[in-house]
Amino acid sequence: MAPSAAQRIVIENCAIATVDAGDTEYASGHLVLAGNRIESVGAGEAPEVLENVVRRIDGRGHLATPGLVNTHHHFYQWITRGLATDHNLFDWLVALYPTWARIDERMTYAAAQGSLAMMARGGVTTAMDHHYVYPRGCGDLSGSIIRAAAETGVRFTLARGSMDRGEKDGGLPPDFAVETLEGALTATEETVRKHHDASFDAMTQVAVAPCSPFSVSTELMREGAALARRLGVRLHTHGSETVQEEKFCHELFGMGPTDYFESTGWLGADVWMAHCVHMNDSDIAAFARTKTGVAHCPSSNARLAAGIARVPDMLKAGVPVGLGVDGTASNESGELHTELRNALLINRLGAHREAALGARQALRLGTHGGAQVLGRAEQIGSLEPGKLADVVLWKMDTLAHASIADPVTALVFGAAAPVTASFVNGRQIVENGRLLTVDEDAVAVSTREEARRLAGIAARG
């Protein structure tokens, strides 16, 4: 729809953090959304003479920001929250894989609904899911996840994962929960061809995403990279999450994770990796040189005692970095807006201390940084004319934040702020903290039922 004919929504009298290249901010400004695009952003009130204005929102007491962008998640884990709470990563995986290996389409759909609803009501407008567990006879798991995202109304990237290294080959997952090399590649290509949308305003995209070095063969890594580049889509996997992974790679491949990734074609501007906690200077330099992205998941890294990622050093070197929730079996809250605060606080426990990250750097990680990592910085991640209308209006005048003068500091350092309105592609999906697209209470019931059903199946073996 051309802007001149588009229906317009005007948001005014709010503080605005654009997160553009110059970090432009307005103490009191306006936004005009025309169809699914941002038409204008500026100081003061919007022009009175605008055609086709269907709604004016008085944003007094609010902060407008770009919608949050989640760069790493495992939706299916929503129905296994609260388990193995005192385990490190490898012990946690060993404890939970036998349960995860019994998921089916109904469970996956319910878990995706829960994960998406929790993120969306907390300001996420672009989500991603790295789904890699495809037990035999489980149904159309990828389709069910994409359907849940479409119903919730968020912009979405499915990282179609895979595993072909089961227990008999020295991997962690049960053998019946892994795919063959040929089966994984064929199913991944089918998913890309069926669901990936390469257009500017795409609501659904697909990435090629073998799970991790210790659950995937070298052949799947190499051929997965070749497949992604042949199809013109992005690549995603886990990398350098724990000390054990570093040891595993040296024992199995004779090199560290970053060198292994480079040897299999897995460094590049079309690649992003989750975690990247244990990176030395040469690793960071390799990521910077190749513009390989990082999904930083501070809460999950703390929950699994994985360590503190060197985010300040990555940013200084020029590595693209975004934020990720990670699966909710290792981040039970499932919210991304809390990761703004946790990223700032946890990184200040590292070598850089109080100089590690500031409030605006944290907000950039959760917005523009995430858009960079997903390859969508031209379309989303900042509030600029011509970009897609993915906007969040945070309420900052309640008891929790009203005495903090700077709204960006209040958003990042303060308690989780209520979302008064969230727009995706120009469509409002949240109002006063409640989803407009799905019934949150019904989703809560279905996720509880599916969690109990999965637990019962797993208990019976």
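All figures in this text were calculated on a predicted structure; none of them were measured in a lab. Scope of the values below: all heavy atoms of this structure, side chains included, with no hydrogens, waters or symmetry mates.
With 3.5 Å as the limit, one finds a donor-acceptor pair spanning the side chains of Thr420 and His62. Judged purely by distance below 3.5 Å, without hydrogens or angles, the side chains of Glu339 and Ser299 pair a donor atom with an acceptor atom. Gln113 and Tyr109 share a side-chain donor-acceptor pair at under 3.5 Å. Of the N and O atoms on the side chains of His275 and Asn301, at least one donor lies less than 3.5 Å from an acceptor on the other residue.
Using a 4.0 Å cut-off between charged nitrogen and carboxylate oxygen, Arg106 and Asp104 do not count as a salt-bridge pair. Salt bridge status for Arg364 with Asp23: present, with a side-chain N to carboxylate O gap under 4.0 Å. A salt bridge does not link Lys194 to Glu190: none of the charged side-chain nitrogens sits closer than 4.0 Å to a carboxylate oxygen.
Residue pairs meeting the ring-ring contact (aromatic ring centres under 6.0 Å, His included) criterion with at least one partner in residues 112-131, sequence neighbours excluded, are His72-His130, His74-His130, Tyr76-His131, His130-Tyr132, His130-His236, His130-His238, His131-Tyr134. Residue pairs meeting the salt bridge (Lys or Arg N to Asp or Glu O under 4.0 Å) criterion with at least one member in residues 267-292, sequence neighbours excluded: Arg229-Asp270, Glu262-Arg289, Asp281-Arg310. Counting only residues at least two apart or in different chains, salt bridge (Lys or Arg N to Asp or Glu O under 4.0 Å) contacts with residues 112-125 comprise Arg121-Glu440. Under the salt bridge (Lys or Arg N to Asp or Glu O under 4.0 Å) criterion, the residue pairs touching residues 381-410 are Arg155-Asp390, Arg360-Asp406, Glu384-Lys387, Lys395-Asp397, with sequence neighbours excluded. Contacts classified as salt bridge (Lys or Arg N to Asp or Glu O under 4.0 Å) and involving residues 408-423 (residues at least two apart or in different chains) are not found.
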Chi angles and distances behind the side chain to side chain contact (heavy atoms under 4.5 Å, CB included) call for Trp272, Arg234: CA-CA 8 Å; Trp272 86 102; Arg234 297 181 74 74; 3.8 Å; yes
Test log, rule side chain to side chain contact (heavy atoms under 4.5 Å, CB included), inputs Thr258 and Ser282: CA-CA 9 Å; Thr258 299; Ser282 64; over 6 Å; no
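Residues forming a ring pair (Phe, Tyr, Trp, His ring centres under 6.0 Å) with His30 (at least two apart in sequence, or on another chain): none.
Proximity of Met163 to Val133: side-chain heavy atoms (C-beta onward) are separated by under 4.5 Å at one or more points.
Checking each of Leu383, Ile57, Val10 against Leu31 for a side-chain contact (heavy atoms from CB on, under 4.5 Å) leaves exactly one that passes, namely Leu383.
Annotation for Glu431: atom CD counts as buried by contact number, over 12 foreign heavy atoms lying within 6.0 Å.
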